[in-house]
Trainee: 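What follows is a single structure, and I will ask about it in a moment.
All heavy atoms count here, side chains included; hydrogens, waters and symmetry mates do not. All values derive from a computational prediction rather than experimental measurement.
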Amino acid sequence: MTVGRIPEEAIEAVLRHHDIVETVGRHVHLTKNGKYMKGLCPFHSEKTPSFTVTPEKQIFYCYGCGKGGNAIHFVMEMEGYSFPEAVRVMAEEAHVPVTWEPSQQSGEQTAEQKDRQILLEAHEYAAKFYHYLLLNTEFGRGANQYLRDRGMSDKLINQFMLGYAPDRWDTLVNFLQKRGYDLALMERGGLVSAKSDGSGYVDRFRDRIMFPIWDKDGKVIAFAGRVLGDAQPKYLNSSDSMLFHKSRTLYNLHQARPSIRKSRTVVLFEGYMDVIKAWSAGVRNGVASMGTAFTDEHVERIRRNADEVIVCYDGDDAGQAAAMKTIPMFEKAGLKVKVAAIPGRKDPDEYISEYGPQAFLREVIDSPLTVTKFRLLFLRKSHKLLEEEGRKNYVLEGVRIIAELESATEREFYLRELSGEFGISLDTLKQDCHQILLNRQKVRGGGDNNDNSWNNGRNESRRAPKSMPAVSVHHQIERRLLYWMMHDTEAAEFVFDKLGDAFNVEDHAALAAYLYAYYSQGNDPEVSRFVASLRDERLERTAASILSMDIIPPYDNEVLEAYVTEVLKQPKLRELDERREEWIRAERSGDVVRAAVIASEIIALERQLKGRQDDRV
């Protein structure tokens, strides 16, 4: 087995075995549209398809968010893999021999890579050790009984590798030390803690039920421990380490991912027990943020895997308040959100234990509230509806919430509910709602201020997306040159002789340089293979964008010559504009001598440009 860079023939074999339409089609419903396949982009929320797949070129490109590339890049985006990870996984799926090992060019792992590998191994051993102590020792008898009383079966305990850390200071320390692990490294990895006097190490977790925490590939990277007695904190997580970051890790994502991908929906819980009990009830797409503050990184991890989130937090005030904070984060990311409200101020674990799994599925998970309904219910708690003032304030604030809805039908639906409950005419509520909309529009100014304007019906035909600004004429010329160069060796050779790397757009110059090197190695003009050779996300997107351009006319040497001339003119045109501005400033300031010098420079530049034009004629 070789060490270092992935062989080019392996990348080519992976691309041959993984057709772009089949690869994308596992996650996106594609329909035929001329030479393209189109569908809704899996990387951002949209109402009309802007995501295209070109079977002929084996590439994908989204005109909404700008993501693009070949089948490897698609898997990287969907799974969160690095390039080597994606190639390895796809090679194994296609039974392409993996004849390389990931490492540095020197052929050796870095010190950090070695430490990571040792910590992963130690965490796996620790998980098995805690699991054994729970099921097979006197130490774990009380914890075992506690779990049974909470409705945990043998199957669930084994499925989630639950364990027990005894109420002793050195159980895990001795276990790891006997196996030759460096305790200083174990402390950095969050498995043990250093004594305050610096004399050694003690167990971080004591007298706690242990929940292993896995990464996306199912490797144990941390633990959470639930105390059995009255000690605080109730739950203790591993500290952040080179393996584990609370702000971006979701509990159970590795097991839930297949179901999430299939349904495109994730159920978000607050805690480990909720996820496990919900799993036993049949909710196989549940994850949790481990009781820590929910972050944008958590949202991004979910957005990569799902289109919809069902928030199923505890039914008490704290849980509902947490849901109110989480919902806007998902909405901002373009995810559809619903709320599975649990009656009686219970948490999911308690509800399942009391009413059973079928009731939980039927009454909670399968009957979620809309975000608007949840916000209105949450709002009720802050008003005394038995008093006139409380009812009035609730209705006024409720109308403001309803006014946030884009759909007039939805607004009327909720306004009718308010009207029927509080005996206020529907027309009056509509007038208030309309006034709120008008005031909001005045504050925002004319037009639609939606960040995702390319998917807003009003703007779809008249405004380019923020991420894809209008392309200037000379930029378009450079893009056409690169398009022809990526499809034709002779075009690339012509441009190399006449222009070289003198493109005016930095990314275009870089792409040209890669193309020259690609062809110099004897490669044929195979666009998917060329894109795979870039290994730079920005250049991959640029190349995919160029390759996805519509209706590029054929070229001949005269067209290429004219385009090259236009590219070479741009620096002179920019210089001419700058000189004209300087001349105006000199004239206005009364500096006659400087104005005359600049005027002569302008004339010289104009002659140079005219000379280029005459040469073409």
Trainee: Could you go through Val371 and Lys338, starting from their C-alpha distance and side-chain angles, then the distance that decides it, and tell me whether this counts as side chain to side chain contact (heavy atoms under 4.5 Å, CB included)?
Mentor: CA-CA 6 Å; Val371 167; Lys338 293 181 180 178; over 6 Å; no
Trainee: If only atom types and distance count, is the side chain of His298 paired as donor or acceptor with the main-chain N or O of Lys246 below 3.5 Å?
Mentor: yes
Trainee: Looking only at the side chains, is there a donor atom on one of Ser545 and Tyr61 sitting less than 3.5 Å from an acceptor on the other?
Mentor: yes
Trainee: For residues His18 and Ala71, report the shortest heavy-atom separation together with the two atoms involved.
Mentor: O-CB, 3.7 Å
Trainee: So that I can tick it off, tell me whether Glu8 and Arg529 are bridged by a salt bridge, with the cut-off set at under 4.0 angstrom between side-chain N and carboxylate O.
Mentor: no
Trainee: For a quick test of reading the model, state the closest non-hydrogen atom pair linking Tyr516 to Ala492 and the distance between them.
Mentor: CE2-O, 3.7 Å
Trainee: Distance-only, no hydrogens or angles: does the Glu77 side chain make a donor-acceptor pair with backbone N or O of Lys67 under 3.5 Å?
Mentor: no
Trainee: Using 0.5 Å steps for rounding, measure from the CG atom of Leu511 to the CZ atom of Phe530.
Mentor: 5.5 Å
Trainee: Answer yes or no: does atom NE2 of His17 have more than 12 heavy-atom neighbours from other residues, nucleotides or ligands under 6.0 Å?
Mentor: no
Trainee: Compare all side-chain heavy atoms of Ile260 with those of Leu253 and state whether any distance is below 4.5 angstrom.
Mentor: yes
Trainee: Could you walk me through whether Tyr514 and Leu534 pass the side chain to side chain contact (heavy atoms under 4.5 Å, CB included) check?
Mentor: CA-CA 7 Å; Tyr514 271 102; Leu534 294 174; 3.6 Å; yes
Trainee: Using a cut-off of 6.0 Å, state whether more than 12 heavy atoms not belonging to Arg284 lie near its atom CZ.
Mentor: yes
Trainee: Could you pull out the closest heavy-atom pair between Gly39 and Pro49, with the gap in Å?
Mentor: O-CB, 3.3 Å
Trainee: Say whether, by atom type as modelled, one donor and one acceptor occur between the side chain of Ser528 and the main chain of Asn70 under 3.5 angstrom.
Mentor: no
Trainee: Is the backbone of Glu490 close enough, under 3.5 Å, to the side chain of Asp488 for a donor and an acceptor to pair up by distance?
Mentor: yes
Trainee: When you compare the side chain of Lys38 with that of Leu30, does any pair of heavy atoms fall below 4.5 Å?
Mentor: no
Trainee: May I ask you to say whether Lys498 pairs ionically with Glu561, meaning some side-chain N is under 4.0 Å from a carboxylate O?
Mentor: yes
Trainee: Quick one: pull up CG in Leu335 and CD1 in Ile327 and give me the separation to the nearest 0.5 Å.
Mentor: 12.5 Å
Trainee: What is the distance from atom CZ of Arg480 to atom CD1 of Ile546, rounded to the nearest 0.5 Å?
Mentor: 12.5 Å
Trainee: Whether the side chain of Tyr251 engages the backbone of Trp214 through a donor-acceptor N/O pair (distance < 3.5 Å, no angle test) should be reported.
Mentor: no
Trainee: Quick test of your reading of the model: are Arg88 and Glu85 salt-bridged, counting only N-O distances below 4.0 Å?
Mentor: no
Trainee: Please answer whether the main-chain N or O of Leu405 pairs with a side-chain N or O of Arg411 as donor and acceptor at a distance below 3.5 Å.
Mentor: yes
Trainee: Closer than 3.5 angstrom, by distance alone: can the side chain of Arg588 be matched with the main-chain N or O of Trp583 as a donor-acceptor pair?
Mentor: no
Trainee: Considering only heavy atoms from C-beta outward, does the side chain of Phe60 approach that of Ile20 to under 4.5 Å?
Mentor: yes
Trainee: When you look at Thr52 and Cys62, which way does the side chain to side chain contact (heavy atoms under 4.5 Å, CB included) test go after all the steps?
Mentor: CA-CA 6 Å; Thr52 62; Cys62 177; over 6 Å; no
Trainee: Between Tyr563 and Trp484, how do the two ring planes meet: parallel, tilted or perpendicular, split at 30° and 60°?
Mentor: tilted
Trainee: What class does the angle between the rings of His475 and His508 fall in, given that below 30° is parallel, 30 to 60° is tilted and above 60° is perpendicular?
Mentor: perpendicular
Trainee: May I ask you to say whether Glu93 pairs ionically with Arg26, meaning some side-chain N is under 4.0 Å from a carboxylate O?
Mentor: yes
Trainee: Can you tell me how far the CD1 atom of Ile584 sits from the CZ atom of Arg580, to the nearest 0.5 Å?
Mentor: 9.5 Å
Trainee: Would you find a donor on one side and an acceptor on the other, under 3.5 Å apart, between the side chain of His487 and the backbone of Tyr483?
Mentor: yes
Trainee: Does His245, at its NE2 atom, have more than 12 non-hydrogen atoms belonging to other residues, nucleotides or ligands within less than 6.0 Å?
Mentor: yes
Trainee: So which atom in Val531 and which in Gly69 form the shortest heavy-atom distance, rounded to 0.1 Å?
Mentor: CG1-CA, 4.2 Å
Trainee: Measure the shortest side-chain to side-chain distance between Val266 and Asn285 over non-hydrogen atoms and say whether it is less than 4.5 angstrom.
Mentor: no
Trainee: Between Arg375 and Glu331, does the salt bridge (charged side-chain N to carboxylate O under 4.0 Å, His left out) criterion hold? Intermediate values first, please.
Mentor: CA-CA 14 Å; Arg375 284 174 170 151; Glu331 291 179 325; 3.0 Å; yes
Trainee: Would you call Lys35 and Glu56 a salt bridge, using N to O less than 4.0 angstrom?
Mentor: no
Trainee: Thinking salt bridges, do Arg594 and Glu582 make one under a 4.0 Å N-O criterion?
Mentor: yes
Trainee: Where the side chain of Thr54 meets the backbone of Lys57, is there a donor-acceptor pair that is under 3.5 Å apart?
Mentor: no
Trainee: Of all the heavy-atom pairs spanning Ile11 and Ala532, show the shortest one and how long it is.
Mentor: CG2-CB, 4.0 Å
Trainee: Measure the spacing between CD1 of Ile302 and CG of Asp307 and express it to the nearest 0.5 Å.
Mentor: 12.5 Å
Trainee: Taking only Lys NZ, Arg NE, NH1 and NH2, and the carboxylate oxygens of Asp or Glu, determine whether Arg538 and Asp507 approach each other closer than 4.0 Å.
Mentor: yes
Trainee: Please tell me if the side chains of Tyr36 and Val53 come closer than 4.5 Å, counting only heavy atoms from C-beta onward.
Mentor: no
Trainee: Donor-acceptor check, side chain of Gln58 to backbone of Pro55, threshold 3.5 angstrom: yes or no?
Mentor: yes
Trainee: Identify the heavy atoms of Pro42 and Phe74 that sit nearest to each other, and give their distance.
Mentor: CG-CE1, 4.0 Å
Trainee: Please work out which of the three classes, parallel, tilted or perpendicular, describes the rings of His73 and Phe83, given edges at 30° and 60°.
Mentor: tilted
Trainee: Please examine the side chains of His254 and Lys216, heavy atoms only from C-beta on, and report whether any two atoms are closer than 4.5 Å.
Mentor: no
Trainee: Side chains of Ile72 and Leu15: does their closest heavy-atom pair fall under 4.5 Å?
Mentor: yes
Trainee: List the steps and the verdict of side chain to side chain contact (heavy atoms under 4.5 Å, CB included) for Leu482 and Phe503.
Mentor: CA-CA 10 Å; Leu482 286 164; Phe503 286 81; 4.1 Å; yes
Trainee: Using a cut-off of 6.0 Å, state whether more than 12 heavy atoms not belonging to Lys32 lie near its atom NZ.
Mentor: yes
Trainee: With heavy-atom distances below 4.5 Å as the criterion, would you say the side chains of Phe244 and Asp215 are in contact?
Mentor: no
Trainee: Can you tell me how far apart CE (Met486) and OH (Tyr518) are? Round to the nearest 0.5 Å.
Mentor: 11.5 Å
Trainee: Please indicate whether Phe496 has more than 12 foreign heavy atoms, meaning atoms of other residues, nucleotides or ligands, lying under 6.0 Å from its CZ.
Mentor: no
